[in-house]
Asks: 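This is the structure, below, for whatever I ask next.
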Amino acid sequence: MCQPQAMLLLLTLALLGGPTWAGKMYGPGGGKYFTTTEAYDHEITGLRVSVGLLLVKSVQVKLGDTWDVKQGASGGNTQEVTLQPGEYITKVFVAFQAFLRGMVVYTSKDRTFYFGKLDGQIFSAYPSQEGQVLVGIYGQYGLLGIKSIGFEWNYPLEEPTTEPPVSFTPSKAPSGL
């Protein structure tokens, strides 16, 4: 195999084998990759953020009734937010220095939640399409905490209806037609 073909093959394999996200990541990066569950069959119904030593250590999302795996470094004091039925995360502000220092989360019911401290370089993350909501979080972390973070946006799942389907019973056609 000639050199350019070998390099192209290695690049392709590296891209296929590593994590791929379409969204933007905020922060300097580096460390181990993480992502909340990729199965988009439950909506985010809660958020836990652990903060310690002036930086965000880890994040964890609640999907439906179940908490997903905690992503990031261990330690810190954990703050928990439970979303109300029909409430979604619609915008996030994050602050970085060498690590994620703080987050502010905004919801569709005009509630705001603060985690850590907003100092350093501040970024805002929000969906590209009206009506989309937060469905996942990804990024990188090191021993001390989260080094980069990104947000996956999509439309909320449709609620299954609990009403029985409307049935139509045809009546007899009038005679003479």
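This is a predicted model, so every value here is computed, not measured.
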Asks: Below 4.5 Å, heavy atoms only, C-beta onward: do V61 and W67 meet side chain to side chain?
Replies: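 Side-chain contact under 4.5 Å: no.
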Asks: Measure across T78 and S50 and return the closest heavy-atom pair with its distance rounded to 0.1 Å.
Replies: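 So the minimum-distance heavy-atom pair works out to OG1-OG, 2.7 Å.
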Asks: Within a strict 4.5 Å, meaning less than it, do heavy atoms of the F115 and L47 side chains meet?
Replies: yes
Asks: List the atom of L63, the atom of I44, and the distance in Å for their closest heavy-atom pair.
Replies: CD2-CG1, 3.8 Å
Asks: To the nearest 0.5 angstrom, please state how far the CZ atom of R48 sits from the CG atom of D68.
Replies: 11.0 Å
Asks: For residues I89 and W153, report the shortest heavy-atom separation together with the two atoms involved.
Replies: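 Shortest heavy-atom separation between I89 and W153 comes out as O-CZ3, 3.6 Å.
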Asks: Kindly work out whether a path of hydrophobic side-chain contacts (I/L/V/M/F/W/Y, heavy atoms less than 4.5 Å apart) joins V49 to F113.
Replies: yes
Asks: Applying the 4.5 Å side-chain criterion to the ILVMFWY set and letting contacts propagate, would V105 and L134 be lumped into a single cluster?
Replies: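 Yes: a chain of side-chain contacts under 4.5 Å links V105 to L134.
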Asks: Might you point out which heavy atoms bring L83 and T107 nearest each other, and give the distance in Å?
Replies: CD2-CG2, 3.9 Å
Asks: Measure the CZ-CD1 distance between R101 and I146 for me, rounded to the nearest 0.5 Å.
Replies: 14.0 Å
Asks: Can you find a pair of side-chain heavy atoms, one from M103 and one from V92, that are under 4.5 Å apart?
Replies: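 Result yes, sub-4.5 Å side-chain heavy-atom pair found.
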Asks: Below 4.5 Å, heavy atoms only, C-beta onward: do N77 and V51 meet side chain to side chain?
Replies: no
Asks: At their closest point, which heavy atom of A95 faces which heavy atom of L118, and how far apart are they?
Replies: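 Where A95 meets L118 most closely, the heavy atoms are CB-CD2, 3.5 Å.
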Asks: Same cluster for L144 and V59 if Ile/Leu/Val/Met/Phe/Trp/Tyr side chains link at under 4.5 Å?
Replies: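 No, L144 does not connect to V59 through the hydrophobic network.
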Asks: Starting at CG of L100, measure out to OH of Y26 and round the result to the nearest 0.5 Å.
Replies: 12.5 Å
Asks: Which distance, rounded to the nearest 0.5 Å, do you find between the NZ of K117 and the CG of L54?
Replies: 7.0 Å
Asks: V56, Y114: one ILVMFWY side-chain cluster at the under-4.5 Å cut-off?
Replies: no
Asks: Are E80 and K62 packed together at the side-chain level, in the sense that at least one heavy-atom pair is separated by less than 4.5 angstrom?
Replies: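 They are not in contact (no side-chain heavy atoms under 4.5 Å apart), so the answer is no.
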Asks: Please report the interatomic distance NZ(K91) to OG1(T112), rounded to the nearest 0.5 Å.
Replies: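 So the gap between those two atoms works out to 8.5 Å.
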Asks: Between Y106 and F93, is a ring pair (Phe, Tyr, Trp, His ring centres under 6.0 Å) present by the stated rule, with each step listed?
Replies: CA-CA 9 Å; Y106 297 86; F93 280 88; 5.7 Å; yes
Asks: Given T45 and D65, is the side-chain contact (heavy atoms from CB on, under 4.5 Å) satisfied, shown in steps?
Replies: CA-CA 8 Å; T45 56; D65 295 329; 5.9 Å; no
Asks: Without swapping roles, check the side chain of S148 against the backbone of P28 for a donor-acceptor pair under 3.5 Å.
Replies: no
Asks: Regarding K147 and the six-membered ring of Y141, is the cationic atom NZ or CZ under 6.0 Å from the ring centre and inside 45° of its axis?
Replies: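 The answer is no; the distance or angle limit is not met.
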Asks: Does any part of the side chain of Y33, heavy atoms only, come nearer than 4.5 Å to the side chain of Q71, both counted from C-beta?
Replies: no
Asks: Nearest heavy-atom pair of A73 and G145: which atoms, and what distance?
Replies: CB-N, 3.7 Å
Asks: For the pair Q132 (side chain) and Y155 (backbone), establish whether a donor and an acceptor sit closer than 3.5 Å, ignoring hydrogens and angles.
Replies: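 No, the answer is negative, given that no donor and acceptor are paired below the 3.5 Å cut-off.
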Asks: Check whether any side-chain heavy atom of K57 sits under 4.5 Å from a side-chain heavy atom of S74, and report yes or no.
Replies: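 Side-chain contact under 4.5 Å: no.
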Asks: Has the side chain of Q140 got a donor or acceptor atom that lies under 3.5 Å from a matching backbone atom of G30?
Replies: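 Such a contact is found between Q140 side chain and G30 backbone.
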Asks: Between atom CE of M25 and atom OH of Y138, what is the distance when rounded to the nearest 0.5 Å?
Replies: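 Answer rounded to 0.5 Å: 7.5 Å.
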Asks: Hey, are E87 and K109 close enough for a salt bridge, meaning a charged N less than 4.0 Å from a carboxylate O?
Replies: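 K109 and E87: not salt-bridged.
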Asks: Tell me whether T90 contacts the main-chain N or O of V133 through its side chain, where contact means a donor paired with an acceptor under 3.5 Å.
Replies: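 It does not hold such a pair.
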Asks: I'd like to check I149 versus I137 (side-chain heavy atoms, cut-off strictly below 4.5 Å). Are they in contact?
Replies: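 Yes - at least one pair of side-chain heavy atoms lies under 4.5 Å apart.
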